[in-house]
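One structure below.
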Amino acid sequence: MSDYDLKLLVDNIDRVHTTRLGMDRIKRNLNMDCPDPVAYCIDIIKNEKSVVSRNGKNYYVTLGNIRLTINAYSYTIITAHIIK
């Protein structure tokens, strides 16, 4: 990922959000009972050990065995998965 794309994601961290269905999907896919999955995902994005890449219209943020998919234009968290 270029430094420019990484800077754009971090500079727009306050725009990162998800839909109601997205919240349910994140909780289900990560097997979590967190009241605010968006805050959890933002913490992953901000973590200095996270690896961020961009492919087409999406950012992919990976930390350990968790991967987030975020739309690069709307900053909507589309989904989160545990990588096996």
For R25 and T79 the tightest heavy-atom approach is CD-OG1, 3.6 Å
When every non-hydrogen atom of L68 is compared with those of A80, the smallest separation belongs to CD2-CB, 3.6 Å
Are the side chains of V61 and V51 in contact, using a 4.5 Å heavy-atom criterion? no
State, with a plain yes or no, whether a side-chain heavy atom of N55 is found less than 4.5 Å away from one of Y60.
yes
Verify same cluster id: M32, M23 (apolar side-chain graph, 4.5 Å): no
### Message
Does D33, at its CG atom, have more than 12 non-hydrogen atoms belonging to other residues, nucleotides or ligands within less than 6.0 Å?
### Response
no
Are L63 and Y75 linked, directly or through intermediate hydrophobic residues, by side-chain heavy-atom contacts shorter than 4.5 Å (ILVMFWY only)?
yes
For this session: Output yes when R28 and D24 qualify as a salt bridge under the 4.0 Å nitrogen-oxygen rule, no when they do not.
Result: no
- Query: Do side-chain atoms of T18 reach the backbone of I77 as a donor and acceptor pair under 3.5 angstrom?
  - Reply: yes
- For L8, does its backbone N or O pair with a side-chain atom of N12 as donor and acceptor, under 3.5 Å? yes
Is the shortest heavy-atom distance from the side chain of C41 to the side chain of I26 under 4.5 Å?
-> yes
L9 and V52 have their tightest heavy-atom pair at CD2-CG1, 3.8 Å
Between H17 and S74, the two heavy atoms sitting closest are CE1-O, 3.1 Å
Of all heavy-atom pairs linking V16 and V38, the shortest is O-CG1, 3.8 Å
I70 side chain near N58 side chain, heavy-atom distance below 4.5 Å:
no
To the nearest 0.5 Å, atom CG of N65 lies from atom NZ of K84 at 10.0 Å
Exercise for review: Report yes or no: is the cationic atom of R54 (NZ for Lys, CZ for Arg) closer than 6.0 Å to the six-membered ring centre of Y59, at no more than 45° off its axis?
Suggested key: yes
Check your understanding: Counting only heavy atoms not in R15, do more than 12 sit closer than 6.0 Å to its CZ atom?
Key -> yes
So CD1 of I82 and CG of N29: to nearest 0.5 Å the spacing works out to 8.0 Å
Do I45 and I13 have side chains that approach each other closer than 4.5 Å (heavy atoms only, starting at C-beta)? yes
